[in-house]
2 protein chains.
Amino acid sequence: MANQPPLQFSLDRSSPVPLYYQLSQQLEAAIEQGGLAPGSLLGNEIDLAARLGLSRPTVRQAIQSLVDKGLLVRRRGVGTQVLHSQVKRPLELSSLYDDLEAAGQQPATRVLHHGTEAAAAGVAAALGVPEGTEVLRIERLRLAHGEPMAHLCNHLPVGLLDAGPARLEETGLYRLIRAAGITLHSARQTIGARAATAEEGERLAEPEGAPLLTMERTTYDDTGRAVEYGSHVYRASRYSFEFQLLVRS
Amino acid sequence: MANQPPLQFSLDRSSPVPLYYQLSQQLEAAIEQGGLAPGSLLGNEIDLAARLGLSRPTVRQAIQSLVDKGLLVRRRGVGTQVLHSQVKRPLELSSLYDDLEAAGQQPATRVLHHGTEAAAAGVAAALGVPEGTEVLRIERLRLAHGEPMAHLCNHLPVGLLDAGPARLEETGLYRLIRAAGITLHSARQTIGARAATAEEGERLAEPEGAPLLTMERTTYDDTGRAVEYGSHVYRASRYSFEFQLLVRS
DNA sequence: CGCCGTTATATGTCCGGACAACCTGACCTA
DNA sequence: TAGGTCAGGTTGTCCGGACATATAACGGCG
């Protein structure tokens, strides 16, 4: 009940943007801005298609993309419902830099090391290259509001990135990788914790033995090639991982 | 080049299982078992559809589901490629019990507390109920090979689960929730670390001040209702979170 | 020999229709 | 009243086709 007013959608058939995408974006905006109340039905697909002058498959494709995002739920024989949201980010391949920036934390980077070296066994295995292959090692200290937040050590195949330390101090590593024309596809992560060594404590302004969050991550591009292996250490007192995840049904 | 032998697929039109699903499952099996080599092309959709006696949309739907799983990559004008895999679990709503069981760790549970109480502010907010509402609090110690692994504290709305402590010692909480007819949909998690208090250390057989991994999680069902709020503490020396994630393009 | 346009090929998008499976609520019956 | 039955409505699945667009390979031109 309580059918919303029909809601206006503007579709531009001359645009190169696919119609289903135009529709899904406008639907998403309507949901986020409350134009579509949580729990309310979306109205059946046939009518919606007719009203918009689209075919049902197109409308379905738009709806399906929002279902995949976790914003809508389909119930056979009932209808499509707007979920009482809470879902925001179904977990993206996030960059610490972007996270901090989005939180208004004024991120900064200090490059501690930047050079090539022969890959040790662990790094070689993670990157899928023979042991001893030349790889680029980058070590950075990430700051927020001038305070150290994390120590980041990354290994990349040589030649993948041509950005020098200067570029690395301006932005995040992922942004540079993407800017190099690489499309990130997936990553394998391990999150753990351990006590800080004396050296780590000094670097991060924590006492020796303080709890630290650790993350190891290998990132792959869309050909399945490993493009980056990172070993990061965060101050547990200042940082935690927060994310949302959907059940794959 | 190096086109695979046509590969056999058996489709049963009389089965209640959708055709696209039958196909996607057989494709996935072929990929996992090496019948389809990584990096090889899948052959164009039109021919594949004709060979199988299916329509292109049906074949596309099967392929698309594997693309969403991260097993295949589509390239316009080129073809569909099998990804050099590495992707296994795009991160599911995992249960510690299931994880341990899958790893052959002989999980066991000791129920420390099981009863209802008035919800404190934090719990009420997480579950989306008024402060002071009666909720069920469960505290458990999770063991592997007889050694403590984690301390689990969960809060649930009353009446959602009718399982007593006995059932809880036999299996995981998620399995019981699902068995109660609830379809889990999404969860919001925060993973952090901190030093063990004296009491925590005693419970988990760790010295005071030892690093502990913490996870807080609120789980929602497919109506958007919060069904569980958990506050877990893991021994960092014995456990870490490992998962894979895909980039949503 | 190298550059550039053409062409073949593959996926991306969109249409219109058909039937099946499922849920809900109203109606009828015991 | 309580129960089952039936009809309507909605999504799920599947079909066949059409055109657009991106990519790569081929071939011709300078």
Side-chain angles (χ1 to χ4, degrees), chain A residues 1-4 9 11-27 39-68 71-83 181 183 222-223 249, chain B residues 1-4 9 11-27 39-68 71-83 181 183 222-223 249:
Chain A
M1 49 196 73
N3 246 338
Q4 262 80 24
F9 297 106
L11 300 172
D12 178 7
R13 295 192 97 93
S14 68
S15 162
V17 178
L19 291 172
Y20 79 89
Y21 191 76
Q22 294 183 35
L23 178 54
S24 80
Q25 288 239 315
Q26 294 182 41
L27 276 172
S40 66
L41 276 300
L42 196 55
N44 78 41
E45 300 168 348
I46 314 265
D47 289 353
L48 189 55
R51 280 216 326 261
L52 298 174
L54 298 173
S55 69
R56 183 154 87 115
T58 302
V59 172
R60 265 184 80 77
Q61 194 172 359
I63 293 177
Q64 187 59 44
S65 72
L66 297 183
V67 171
D68 292 340
L71 293 174
L72 299 175
V73 180
R74 318 183 83 134
R75 288 175 197 281
R76 189 188 199 132
V78 179
T80 303
Q81 231 173 130
V82 179
L83 209 41
T183 55
D222 57 2
T223 71
S249 58
Chain B
M1 53 195 72
N3 247 338
Q4 260 81 24
F9 296 105
L11 300 172
D12 178 6
R13 296 193 97 92
S14 66
S15 161
V17 178
L19 291 173
Y20 77 90
Y21 191 76
Q22 293 183 36
L23 177 55
S24 80
Q25 288 240 314
Q26 293 182 40
L27 275 172
S40 65
L41 275 300
L42 196 56
N44 79 39
E45 300 169 348
I46 314 265
D47 289 353
L48 189 56
R51 280 217 324 264
L52 298 174
L54 298 173
S55 69
R56 186 158 90 113
T58 302
V59 172
R60 265 184 82 78
Q61 194 171 0
I63 292 177
Q64 188 59 46
S65 73
L66 296 183
V67 171
D68 292 340
L71 294 173
L72 299 176
V73 179
R74 319 184 82 136
R75 288 175 196 282
R76 187 188 201 139
V78 180
T80 303
Q81 229 173 133
V82 179
L83 208 41
T183 54
D222 57 1
T223 70
S249 58

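Remember, it's a predicted structure, so these values are computed and weren't measured experimentally. By convention in this document, chain letters (A, B, ...) are assigned in the order of the sequence lines, proteins followed by strands, and residues within each chain are numbered from 1.
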Peer 1: Atom pairs, N/O to N/O, protein against nucleotides 24-27 of chain C, distance under 3.5 Å?
Peer 2:
none

Peer 1: Whole angstrom is fine here: how far is it from CG in B:D47 over to P in C:dA8?
Peer 2: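 Result: 17 Å.
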Peer 1: Atom CD1 of A:I46 to atom C1' of C:dC19: distance rounded to whole Å?
Peer 2: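 So the two atoms are 12 Å apart, to the nearest Å.
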Peer 1: To the nearest Å, give me how far apart CG (A:L19) and P (D:dC19) are.
Peer 2: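 Whole-Å distance recorded here is 17 Å.
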Peer 1: Taking only residues two or more places apart in sequence or in another chain, which ones pass side-chain hydrogen bond (donor to acceptor under 3.5 Å, both in side chains) with B:R74?
Peer 2: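 Once residues adjacent in sequence are excluded, the partners of B:R74 under the side-chain hydrogen bond (donor to acceptor under 3.5 Å, both in side chains) criterion are B:E45, B:Q64.
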Peer 1: In this structure, how many angstroms lie between the P atom of C:dA10 and the CD1 atom of B:I63, rounded?
Peer 2: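 Atom CD1 in B:I63 sits about 12 Å away from atom P in C:dA10.
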Peer 1: Kindly write out the residues that satisfy side-chain hydrogen bond (donor to acceptor under 3.5 Å, both in side chains) with A:S24, not counting sequence neighbours, or none if the list is empty.
Peer 2: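 A:S24 satisfies side-chain hydrogen bond (donor to acceptor under 3.5 Å, both in side chains) with no residue once adjacent residues are dropped.
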Peer 1: So which of residues 53-60 of chain A are in contact with DNA chain C, with a heavy-atom cut-off of under 4.0 Å?
Peer 2: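 Residues of residues 53-60 of chain A under 4.0 Å from DNA chain C: A:G53, A:L54, A:S55, A:R56, A:P57, A:T58.
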Peer 1: Considering only side-chain heavy atoms of A:R74, which listed nucleotide, C:dG12, C:dC15, D:dG12, is closest?
Peer 2: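 The answer is D:dG12, which lies nearest to the side chain.
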Peer 1: Take the protein atom CD of B:E45 and the nucleotide atom P of D:dG16, then report the distance between them rounded to whole Å.
Peer 2: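 From B:E45 CD to D:dG16 P: 16 Å.
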Peer 1: Which residues pass the salt bridge (Lys or Arg N to Asp or Glu O under 4.0 Å) test with B:R75, sequence neighbours left out?
Peer 2: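 Salt bridge (Lys or Arg N to Asp or Glu O under 4.0 Å) check on B:R75 returns A:D222.
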Peer 1: Would you please name every residue forming a side-chain hydrogen bond (donor to acceptor under 3.5 Å, both in side chains) with B:S65, sequence neighbours left out?
Peer 2: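 Expected list: none.
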